[in-house]
Amino acid sequence: QSQFVESGGGLVQPGGSLTLSCAASGFRSDYYAVAWFRQAPGKEREGISCISRGGTSRNYAASVKGRFTISRDNAKNTVYLQMNSLKPEDTAVYYCAVDPTVYPDTYCPLVEPGMDYWGKGTLVTVSS
């Protein structure tokens, strides 16, 4: 069974840092670009970052650019999201997802249509 498992969420104070992990099982995630999404309470899910299958291309939503860094270790079949300077508005459930299309390494999608593999999410709470 193909799936993702996210981990690393928790409670952190404003200005703090967390690193989320997204481990793939049942398939080779290095064939595909991987994206991180989040859904805050009462809001729609939004795409925040993606990384191409080889890591050449990385994109970020304006809300996290400069604070979050996406990376991947294909040998471990894992994608990471380093989150710095966290704000209360970053509080959300964070998901990783894959569109199982083999895109060139110069591109990664950051929209929900086409995302077929999703994890169950990990909760990040930013509060003092």
Side-chain angles (χ1 to χ4, degrees):
Q1 182 179 359
S2 300
Q3 63 177 357
F4 277 123
V5 178
E6 301 96 338
S7 61
L11 174 64
V12 62
Q13 292 187 341
S17 298
L18 280 176
T19 299
L20 305 183
S21 298
C22 171
S25 64
F27 69 102
R28 290 278 302 274
S29 66
D30 58 327
Y31 289 167
Y32 310 115
V34 176
W36 282 96
F37 290 77
R38 69 183 181 186
Q39 187 165 23
K43 295 188 177 181
E44 293 188 355
R45 190 158 53 189
E46 63 168 333
I48 57 171
S49 185
C50 65
I51 186 167
S52 60
R53 57 188 175 95
T56 298
S57 179
R58 309 176 194 203
N59 291 319
Y60 300 91
S63 57
V64 306
K65 196 169 187 178
R67 299 187 298 122
F68 290 11
T69 302
I70 192 169
S71 62
R72 67 190 302 161
D73 184 339
N74 285 339
K76 295 182 179 180
N77 225 15
T78 300
V79 174
Y80 304 96
L81 187 68
Q82 172 69 42
M83 306 185 296
N84 298 326
S85 303
L86 284 162
K87 305 174 182 179
E89 52 264 42
D90 294 317
T91 294
V93 178
Y94 285 70
Y95 303 89
C96 55
V98 159
D99 172 349
T101 301
V102 181
Y103 292 107
D105 195 31
T106 53
Y107 174 72
C108 63
L110 194 51
V111 293
E112 284 201 47
M115 296 291 172
D116 282 346
Y117 299 150
W118 290 85
K120 293 184 178 181
T122 185
L123 176 63
V124 173
T125 303
V126 185
S127 176
S128 55

Out of curiosity, does Tyr95 fall in the hydrophobic cluster containing Tyr32 (side-chain heavy atoms, cut-off under 4.5 Å, transitive links)? no
Same apolar cluster (I L V M F W Y, side chains within < 4.5 Å links), Val93/Val64: no
Quick check on Tyr107: does its OH atom have over 12 non-hydrogen neighbours (other residues, nucleotides or ligands) under 6.0 Å away? yes
Contact between [X] and [Y] at the side-chain level, heavy atoms closer than 4.5 Å - yes or no?
| X | Y | answer |
| --- | --- | --- |
| Tyr117 | Pro100 | yes |
| Val79 | Ile70 | yes |
| Glu46 | Arg38 | yes |
| Leu110 | Trp36 | no |
| Asp105 | Ser57 | no |
| Met83 | Thr19 | no |

Working to the nearest 0.5 angstrom, can you tell me the gap between [X] [atom1] and [Y] [atom2]?
| X | Y | atom1 | atom2 | answer |
| --- | --- | --- | --- | --- |
| Asn59 | Ile48 | CG | CD1 | 12.5 Å |
| Asp90 | Ser63 | CG | OG | 7.5 Å |
| Ser7 | Leu20 | OG | CG | 8.0 Å |
| Arg53 | Tyr103 | CZ | OH | 12.0 Å |
| Thr69 | Leu81 | OG1 | CG | 8.0 Å |
| Phe68 | Leu86 | CZ | CG | 5.0 Å |

One pair to check against side-chain hydrogen bond (donor to acceptor under 3.5 Å, both in side chains): Thr78 and Asp73. What are the steps and the verdict? CA-CA 5 Å; Thr78 300; Asp73 184 339; over 6 Å; no
Minimum heavy-atom separation for [X] and [Y], please, with both atom names.
| X | Y | result |
| --- | --- | --- |
| Ala61 | Gly47 | CB-O, 3.6 Å |
| Cys50 | Pro109 | CB-O, 3.5 Å |
| Arg45 | Glu112 | NH2-OE1, 3.0 Å |
| Lys43 | Gln39 | O-NE2, 3.1 Å |

Please determine if Glu6 and Lys120 form a salt bridge, counting it only when a charged side-chain N lies under 4.0 Å from a carboxylate O. no
Kindly indicate whether a cation-pi arrangement holds for Arg72 with Tyr80, taking the cut-offs as under 6.0 Å to the six-membered ring centre and within 45° of the axis. no
Checking ring pair (Phe, Tyr, Trp, His ring centres under 6.0 Å) between Phe37 and each of Tyr94, Trp118, Phe4, which is the one that passes? Trp118
Donor-acceptor contacts, no H, no angles, side chain residues 121-128, under 3.5 Å, sequence neighbours left out:
from: Thr122; atom 1: OG1; to: Gly9; atom 2: N; distance (Å): 3.1

Tell me yes or no: between the side chains of Ser17 and Asn84, is some donor less than 3.5 Å from an acceptor? yes
Using the side-chain contact (heavy atoms from CB on, under 4.5 Å) rule, take Ser49 and Ile51 through it: C-alpha gap first, then chi angles, then the decisive distance, then the call. CA-CA 7 Å; Ser49 185; Ile51 186 167; over 6 Å; no
